[in-house]
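Below, all heavy atoms of this structure are taken into account, side chains as well, without hydrogens, waters or symmetry copies.
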Amino acid sequence: MSTTPSLPDPAGDPASRHAVVLLSGGLDSTTTLAIARSQGFSCHCLSFRYGQRQEVEVARAAAVAAACGCEHLVLRLDLDRIGGSALTADIAVPKGRDPDEMHDIPATYVPARNIIFLAHALAWAEVKESRDIFIGVNALDYSGYPDCRPDFIRAFAAMANLGTRAGTEGGRPFVIHTPLIAMSKAEIIIKGLELGVDFAATHTCYDPGPEGVACGLCDACRLRLKGFREAGVEDPLPYQQRN
């Protein structure tokens with residue numbers, strides 16, 4: 001199901017060794033960055049201040065990128081002016097849901113977020129003369145978001161190669177790499193640990209406290225905690241409540 005191809009030839013176009021990585025500062029995106037680096041890519045990290053209530057994640061993303069020695073660009077998008085999500089508007093964040101029952105699209109869905117984020121990543125990749133974009137979407141242990149599914153990723157990649165100068169002038173096409181898309185959260189954690197990811201430096205919670213401490217009850221927290229339990233590893237983050 002992954003859209004990731006075989007690795008580019010390091011003896012070919014030097015631009016083929018550069019990648020734009022969407023980095024939220026969370027568990028998945030940080031592991032995705034580690035995977036991209038392990039595959040030999042020079043990574044350019046892209047994060048967003050989009051009016052999200054969990055803006056602490058931007059600081060975590062900056063710290064992760066700095067620790068890896070990666071270029072880090074943070075863009076401002078006023079998605080809170082659009083609203084429509086518990087992450088960008090005065091809407092309650094769902095709490096206490098069973099991770100095994102998270103198949104509907106919850107109130108934390110941000111309208112068209114991954115379309116918007118990938119479009120900006122595509123633009124930056126074109127400027128960087130890169131054809132590789134990494135995103136940490138997952139279609140197994142996730143909250144039911146439609147923009148985390150393989151069909152969406154394939155459609156976006158097709159659009160990218162039809163609607164850009166780089167995509168239409170020949171050469172190697174854009175590739176949207178989704179190394180986590182068919183992995184469970186436990187598998188992602190194990191992979192991250194193998195690659196030396198410091199999960200204590202990441203942020204996952206949708207509704208953190210004033211000091212950025214995770215609530216432990218939102219979908220993101222519960223999926224993360226479930227993953228660590230199944231991986232047989234202690235989550236290094238503090239929580240207001242652990243279940």
Side-chain angles (χ1 to χ4, degrees), residues 1-8 13 15-33 35-36 39 41-52 57 61 72-79 82 84-85 87-88 103-106 108-183 188 220:
M1 294 172 68
S2 172
T3 60
T4 304
S6 58
L7 293 180
D13 182 0
S16 71
R17 306 307 299 160
H18 287 259
V20 170
V21 180
L22 286 167
L23 182 66
S24 71
L27 182 155
D28 292 345
S29 69
T30 301
T31 301
T32 298
L33 172 60
I35 291 171
Q39 293 179 354
F41 286 98
S42 176
C43 296
H44 309 276
C45 300
L46 180 60
S47 303
F48 299 91
R49 284 191 172 89
Y50 61 93
Q52 69 270 45
E57 68 182 11
H72 186 219
L73 176 64
V74 181
L75 298 180
R76 173 73 201 191
L77 304 174
D78 294 329
L79 298 187
I82 295 175
S85 168
L87 301 188
T88 58
H103 305 302
D104 60 319
I105 300 175
T108 49
Y109 165 73
V110 178
R113 179 174 60 180
N114 280 348
I115 298 173
I116 294 167
F117 287 2
L118 279 168
H120 285 78
L122 176 62
W124 200 27
E126 191 166 24
V127 170
K128 290 289 185 183
E129 298 184 343
S130 168
R131 298 294 186 273
D132 297 279
I133 298 170
F134 282 77
I135 182 171
V137 293
N138 178 264
L140 292 183
D141 284 342
Y142 74 124
S143 295
Y145 301 140
D147 53 4
C148 290
R149 298 170 183 169
D151 287 350
F152 162 70
I153 297 296
R154 283 192 290 268
F156 189 93
M159 179 277 299
N161 287 300
L162 289 172
T164 59
R165 181 172 65 184
T168 57
E169 286 189 346
R172 198 165 69 84
F174 285 104
V175 177
I176 312 299
H177 297 259
T178 58
L180 311 184
I181 201 162
M183 298 172 68
I188 294 168

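Across all their heavy atoms, A157 and I176 have their closest contact at CB-CG1, 3.8 Å. Closest of all the heavy-atom pairs between H72 and S47 is NE2-OG, 2.7 Å.
Looking at heavy atoms from C-beta onward, I135 lies out of side-chain contact with T32 at the 4.5 angstrom threshold. Between D147 and V137 the shortest side-chain heavy-atom distance does not fall below 4.5 Å. Residues N138 and I181 fail the side-chain proximity criterion, which asks for heavy atoms closer than 4.5 Å. Looking only at side-chain heavy atoms (C-beta outward), L79 and I116 come within less than 4.5 Å of each other.
Q52 places no side-chain N or O within donor-acceptor distance of the main-chain N or O of L87, the cut-off being under 3.5 Å. With hydrogens and angles ignored, the 3.5 Å screen pairs a side-chain donor or acceptor of R131 with a backbone N or O of R172. The closest donor-acceptor contact from the side chain of N161 to the backbone of F174 lies under 3.5 Å. Side chain of E126 to main chain of T164: no donor-acceptor pair is present (N/O by atom type, distance under 3.5 Å, no hydrogens or angles).
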Report task. Kindly indicate, with the supporting measurements, whether the criterion side chain to side chain contact (heavy atoms under 4.5 Å, CB included) is fulfilled by C43 and L33. Result -> CA-CA 8 Å; C43 296; L33 172 60; 3.7 Å; yes
Report task. In sequence, state the C-alpha distance, the side-chain angles, and the governing distance for R49 and V74, and then conclude on side chain to side chain contact (heavy atoms under 4.5 Å, CB included). Result -> CA-CA 7 Å; R49 284 191 172 89; V74 181; 3.5 Å; yes
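R76 meets the side-chain hydrogen bond (donor to acceptor under 3.5 Å, both in side chains) test with D78; sequence neighbours excluded. Looking at residues two or more places apart in sequence or on another chain, you find a side-chain hydrogen bond (donor to acceptor under 3.5 Å, both in side chains) between H44 and H18, E71. With sequence neighbours excluded, the residues satisfying ring pair (Phe, Tyr, Trp, His ring centres under 6.0 Å) with F117 are F48, Y50.
Note that the OG atom of S24 and the CG atom of L46 stand 11.0 Å from one another [nearest 0.5 Å]. Considering CG of L180 and SG of C148, their distance stands at 10.5 Å, rounded to 0.5 Å.
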